[in-house]
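Okay, so here's the structure we're looking at.
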Amino acid sequence: MDVARHISELRNLLPENVELVAVSKFQPIEAIKEAYLSGQRIFGENKAQECSAKYPLLPGDIQWHFIGHLQTNKVKYIAPFVSLIHSIDSPKLLVEVNREALRNNRVIDCLLQFHIATEETKFGLTIGEAVAILESPVIQDLKNIRIAGVMGMASFVDDEDLVRSEFRTLKEYFDQLKSAFFSAAPWFKEISMGMTHDFKIAVEEGSTMVRIGTAIFGERKL
Ligand SMILES: *Cc1c(COP(=O)(O)O)cnc(C)c1O
């Protein structure tokens, strides 16, 4: 019952307005069921095929969040059921998500992923790229996506001040986009930031959604 205990310990640490996304990538169905039975309903996956394989094996009221890098040719696997895509990092991907959402007669909520870490390897937009996307008439015409906020990953380091400043940057990007493009859009409200090792800092800096795997399920067996 470790999974249930970890979830309830985390819930006690998180403010009520912060959503907990249980990152279940690489985890077996049994572990996800245990989390579900403890009341957890939001799960995060980072591989489209793994996510679409798990979906039919688990209860229908789970909200599946996609949190990993998404290739356009994989969107079709998750479009029928995904409830939030955290990782939009190009206009091309947004167009493809819209196309697949339309085919499934749905509107899919999306977050713009920003590159906030000093590390080279992480995906994500710059603020300039995000503004260009939001100003683009092609993107503004898309009816089957809804942009609900921003997401980012801080550097994977012990330097708390650096991590904090990266989260602060993401919060500033959110505020900037909110006032420039979404002041009349109540659904633009999510700041997805914080993982097992840095969620406390993320919450202090304004996170509305933390994505936590290891602290719930233990180390992943790759
Ligand atoms: C794996 C992953 C997480 C969860 O990481 P933990 O350190 O296990 O909490 C969060 N966000 C993204 C994008 C991930 O890929």
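Just so you know, ligand 1 is whichever comes first in the structure, and atom 1 is the first atom listed for that ligand. Fair warning: this is a prediction, and the values are worked out from it, not measured in the lab.
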Specify whether Trp64 and Phe43 have parallel, tilted or perpendicular ring planes, treating 30° as the upper limit for parallel and 60° as the lower limit for perpendicular. tilted
Ligand 1 atoms nearer than 4.0 angstrom to some heavy atom of Ile212 are 9 (O)
Return the closest protein heavy atom for atom 5 (O) of ligand 1 as residue, atom name and distance. Met195 CE, 3.4 Å
Are Phe174 and Phe188, when compared by the centres of their aromatic rings, separated by less than 6.0 Å? yes
Residues His6, Phe217; criterion ring pair (Phe, Tyr, Trp, His ring centres under 6.0 Å); working and verdict: CA-CA 8 Å; His6 292 155; Phe217 297 106; 9.0 Å; no
If you count the atoms of ligand 1 from 1 in the order shown, which ones are under 4.0 Å from a heavy atom of Gly213? 4 (C), 6 (P), 8 (O), 9 (O)
Determine whether the side chains of Glu166 and Ser155 contain a donor N or O and an acceptor N or O closer than 3.5 Å. yes
Which residue and non-hydrogen atom of the protein lie closest to atom 9 (O) of ligand 1, and at what distance in Å? Thr196 OG1, 2.5 Å
Identity and separation of the nearest protein heavy atom to atom 1 (C) of ligand 1: Lys25 NZ, 1.4 Å
Atoms in ligand 1 flagged as close to Arg211, the criterion being non-hydrogen separation under 4.0 Å: 4 (C), 9 (O), 10 (C), 11 (N), 12 (C), 13 (C)
Classify the contact between His86 and ligand 1 as side chain, backbone, both or neither, using a heavy-atom distance cut-off of under 4.0 Å. neither
When you measure from atom 12 (C) of ligand 1 to every protein heavy atom, which one gives the shortest distance, and what is it? Ile67 CD1, 3.5 Å
Please report the closest heavy-atom contact between Gly68 and Ser87, naming both atoms and the distance. O-OG, 2.6 Å
Counting only N and O atoms by type, is there a donor-acceptor contact under 3.5 Å from the side chain of Glu50 to the main-chain atoms of Lys47? no
Give the numbers and elements of all ligand 1 atoms closer than 4.0 Å to a heavy atom of Thr214. 6 (P), 7 (O), 8 (O), 9 (O)
I need the minimum non-hydrogen distance between Gln113 and His86, along with the two atoms involved. CB-O, 3.8 Å
